[in-house]
2 protein chains.
Amino acid sequence: MNSKIPGPIERTALAVEISNHLRQMIFEGVLEPGEKVREKPLTEKFGVSRTPLREALKVLASEGLLELIPNRGAVITRQSADELDEVFSVLAVLEGLAGELAAKAASDKDLARISKMTRELRQSFEDADRPTYFRINQAIHKAILEAASNDTLTRTHELLAYRAQRARYQANLTAERWRVAVEEHEAIAGALEARDAARCAALMRAHLLNKLASIKAAAKV
Amino acid sequence: MNSKIPGPIERTALAVEISNHLRQMIFEGVLEPGEKVREKPLTEKFGVSRTPLREALKVLASEGLLELIPNRGAVITRQSADELDEVFSVLAVLEGLAGELAAKAASDKDLARISKMTRELRQSFEDADRPTYFRINQAIHKAILEAASNDTLTRTHELLAYRAQRARYQANLTAERWRVAVEEHEAIAGALEARDAARCAALMRAHLLNKLASIKAAAKV
DNA sequence: GAAGTGAATTCTGAATTCATTATTCAGTCA
DNA sequence: TGACTGAATAATGAATTCAGAATTCACTTC
């Protein structure tokens, strides 16, 4: 049986589908930074008309993934070291706020779930299971944001996370950084359990800034 | 003589013009929260076709000023007290970050300018000149953001500021709040001059949270 | 042979048209 | 009289068409 409740039939807007596709293509490097994006080839690739495609380009431009130059089309934004600094600086304070709010507002059930995931994170590190580690890591950050129950924060964070994601794809986790990252996560879970908002905020912010440092260190090699 | 350097002729995209108009209309309450936005009347009002109008609606939706419901048009988002809390919480940490970065990165010239504006702010308060006060207030916040030299921060802040603006329009400044706000600004300028990043961050964040409190207090009356 | 000019092509910007979905309202039946 | 059905109407979603700007490239001229 279909477990899905019937509900409204899903008719995702074409423009949304296209933005998601394009975003993924940018993350995966199919569309390279600095590359000019021509509308016609994309419409042919996706099998859609220019109207929804152009709407999608507008959305991605507002997310900062590409730049629209009047009468001259779109260009995938280059990701400079400076831009990474910028994005991570902002993301760090947003995650800090998420930690602070979560420490205040999270339900006990939320906290238990986050602690459980943190233990699983430790396990995936012990097992040297990178895919699982990444998945759980993402899930924890998402859970903390949700526990903060501030939709505006979640949305703002999401927009910037798209841009950080591009760098993370390339980032390689060194053994040392990995070890420290797990410890940081454990400290964060501890601060949440203790409902120490200030400490949690500081830890979350530091965690993200450390991540930036490791990405930059990896890039230098 | 025309002091403008010739440069490229300015051809602002129609969709951008329309978004600005619509945004202003929302700020001024011409389009009221909860109101359904129909495309046809707007195209007639602006004298444009639906294509650029729809692009503009997409942009405003991404800014959170209205909500697009598939096949059912757009609705101006209601501004609940909860949403104000959300937006100001995020804005506060962003302004905090701006203060922190500005304290570190601002040029001496920037600092002198901000201090000068702060003195003018005090003067406008003494003169009880509200329009001037608001103008200088805005200029100071803008200058601090610029001094932080983080475009991503500026852009992110701008998007949220649009939403806060809607509330500020209605907000009435009490005499007491006004006095305290000026003092806060002077403290911020002092922290900047002292290049005390941590203190500046804390002051900036607190300043915005106090502003929220005064808005909420005014709304309760 | 190199630089400059102008027509042809290609691309983006905007308007219009076509298709699909939602809403309204008259009519029917219980 | 009230609720349901279904056609008519009006809205949005997407494709196509038209207009204007930028690029390309061949040709001319020095």
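Order of the sequence lines fixes the chain letters, A, B, ..., with proteins taken first and strands second; residue numbering starts at 1 for each chain. Heavy atoms only: backbone and side chains are in, while hydrogens, waters and symmetry mates are out.
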| Check: A:Ser214 side chain, A:Lys211 main-chain N or O, donor-acceptor pair, under 3.5 Å |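 A pair under 3.5 Å: yes.
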| request: Give a yes or no answer on whether the side chain of B:Glu67 reaches the backbone of B:Ala74 with a donor-acceptor pair at less than 3.5 Å. | output: no
| Salt-bridged, B:Arg113 to B:Asp108, with N to O below 4.0 Å? |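 A salt bridge is absent here (no side-chain N lies under 4.0 Å from a carboxylate O).
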| query | Is the closest side-chain donor-acceptor distance between B:Glu95 and B:His207 under 3.5 Å? | reply | no
| Quick one: what's the B/S/- string for nucleotides 6-15 of chain D, heavy-atom cutoff under 4.0 Å, read 5' to 3'? | -----SBBSB
| field | Residue pair A:Arg78 / A:Glu83: nearest heavy atoms and the distance that separates them | value |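 Closest approach of A:Arg78 to A:Glu83: O-OE1, 3.2 Å.
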